[in-house]
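Predicted model only: the values in this text are computed from it and were never measured. Residue numbers start from 1 in every chain, and the chains themselves are labelled A, B, ... in the order their sequence lines are given, proteins ahead of strands.
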Amino acid sequence: MRVQVSLFGAFRSFDPGAQVLLDLPDGARVADLRQALEQYGSTHWQDFNPALLRRSAFASETTVLREADVLPADGRMAVLPPVSGG
Amino acid sequence: MRVQVSLFGAFRSFDPGAQVLLDLPDGARVADLRQALEQYGSTHWQDFNPALLRRSAFASETTVLREADVLPADGRMAVLPPVSGG
Amino acid sequence: MDRHHCAVVDIVEGPLDPAAALDFVSDPGFGGITLFVGRVRDLNHGRVVTGVSYDMFVPLALNGFREIAARADGDFGPKLKLYIAHAKGRLAVGDLAVVVAAGTPHRDEAFRACRQVIEAVKHTSPIWKQEHYEDGDSVWSEGCSLCGDEHGHAGH
Amino acid sequence: MDRHHCAVVDIVEGPLDPAAALDFVSDPGFGGITLFVGRVRDLNHGRVVTGVSYDMFVPLALNGFREIAARADGDFGPKLKLYIAHAKGRLAVGDLAVVVAAGTPHRDEAFRACRQVIEAVKHTSPIWKQEHYEDGDSVWSEGCSLCGDEHGHAGH
């Protein structure tokens, strides 16, 4: 499946469109996406910070997902670095 | 000394001018004023409630006084039933 | 102190102004502002309220507001800005009875200062509330005695 | 739910509006309204701040606001009225970043609901703050991780 990962906060600057397309096996889980994004970041992003990704969560448009959750069928995901609203 | 006691809250309605004049010995204390006001109220005010007076404090324009405090020289005092601001 | 605004506003002069309170406690160095507004409710202890009259011993009340502000300054200062205003006179349902605002660099102090101040205003200020009911009856509210313990009890 | 107003406001559409928040949470049956306003400070960790950019995952943020409001409703309802609005875009010093207001019959619930909501907004909403400094540098703020414990840590 093709997963479209929207980038926010400190990740946003890594890509002009603030998103990354990754190919993952059907039925992939959040943990798989995390691994794929780490690999992608390590090879494509000059200032990529793996420690920040490890503190980041993944979410659909409606909810934050856990590591064992299967990715939604539409493949639309977001990576959420630690939040600092308010 | 002549003491002018301003009436507030539930006491205000007892007197058209919302104040009472009482004669007390020079050097009188708050406890003396309390006693004098209870006597005055018992004889002059139809709906006087001694229990309310017992829960009431006495104050000058700047501070709440204690029972043992001597009345201020200007004789200007206020009787403060339990408060209910806000 | 010019960081503390303490006022009594007769309702005939106009309503209390929460926007003015927010302005007063704002500061370029402040990230947090907490505001409390107390309004006249339409119902109390099951009775339909048509209005409230506030009686007040004004000079002592203002003196008390300043003492309450000074105490908050000691607890949450030294930058704390505070706004304390209480209405006087006959208010209708929905009218603003009291406005308290606190501004500080961080939000925790703003919340705690605002809460401490409104509790102190309610429990220690020489202010008396007379409720008017739809049947024409009026009752002075039960309140906090100022005898002995100046902070009164916490019941109202 | 029509007792809860949740919004994200792009700064180019205009500033957040505390007066609208107070209006929204007002009710003839309410005696207490608590409002919190978060503003952009001129100084953070000793650095002179010239502005803040808020990035936000809007649909998830709005969904989160509604969940936060529903939780407060369970804790302080069933009459609780809530207003939650967060700014988005590039804010200047003094601009309003967030406004939360809670209205209830009595003040204790208003204070506690307002505090609970702003803490949840700060610790769980998908919102990111980038501070801009007078030397031209910009830094994304350290924040609360949403991994595992959705409530994050209490440190910010």
- [ ] Find the distance between CG (A:Leu7) and CG (D:Asp55) and round it off to the nearest 0.5 Å.
- [x]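 Reported to 0.5 Å precision, the distance equals 10.0 Å.
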
Task: Reported CG-to-OG distance for the pair A:Leu52 and D:Ser145, which is rounded to 0.5 angstrom - done: 9.5 Å

- [ ] Of all the heavy-atom pairs spanning D:Glu142 and A:Ser84, show the shortest one and how long it is.
- [x] O-CB, 4.0 Å

- [ ] Give the minimum heavy-atom separation between D:Leu60 and A:Leu80, together with the two atoms involved.
- [x]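 That closest heavy-atom pairing would be CD2-CD1, 3.7 Å.
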
TODO: Pick whichever of A:Pro81, A:Ala57, A:Gly9, A:Ser56 has the most heavy-atom pairs under 4.5 Å with chain D.
DONE: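 That would be A:Gly9.
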
Please state whether the side chain, the backbone, both or neither of [X] comes within less than 4.5 Å of a heavy atom of chain A.
X        : result
D:Trp140 : side chain
D:Ser141 : both
D:Phe57  : both

Open item on the list: Can you confirm whether more than 12 heavy atoms, excluding those of A:Gln4, are under 6.0 Å from its CD atom?
Closed with: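 Count over threshold, so yes.
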
Open item on the list: Atom CD of residue position A:Gln39 - does it have more than 12 heavy atoms of other residues, nucleotides or ligands inside 6.0 Å?
Closed with: no

Task: Proximal component of A:Thr62, with respect to chain D [non-hydrogen, under 4.5 Å] - done: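 Both parts, backbone and side chain.
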
TODO: Heavy-atom distances under 4.5 Å only: say whether A:Ser60 touches chain D with side chain, backbone, both or neither.
DONE: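 Only the backbone of A:Ser60 comes within 4.5 Å of chain D.
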
Task: chain A-proximal positions within residues 78-106 of chain D [heavy-atom distance under 4.5 Å] - done: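 If one takes a 4.5 Å heavy-atom cut-off, the residues of residues 78-106 of chain D near chain A are D:His86, D:Ala97, D:Val98.
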
Open item on the list: For A:Val83 and D:Thr124: C-alpha separation, side-chain torsions, deciding distance, then whether side-chain contact (heavy atoms from CB on, under 4.5 Å) applies.
Closed with: CA-CA 7 Å; A:Val83 299; D:Thr124 69; over 6 Å; no

TODO: Determine which residues belonging to residues 10-32 of chain A lie within contact range of chain D, meaning some heavy atom pair is under 4.5 Å apart, and list them by number or answer 'none'.
DONE: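 Within residues 10-32 of chain A, the residues under 4.5 Å from chain D are A:Ala10, A:Arg12.
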
Task: Member of A:Arg34, A:Glu67, A:Arg54, A:Arg66 meeting the side-chain contact (heavy atoms from CB on, under 4.5 Å) criterion with D:Cys147 - done: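 Exactly one option meets the side-chain contact (heavy atoms from CB on, under 4.5 Å) with D:Cys147, and it is A:Arg34.
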
Open item on the list: Any non-hydrogen side-chain atom of D:Ile127 less than 4.5 Å from a side-chain atom of A:Phe8?
Closed with: no

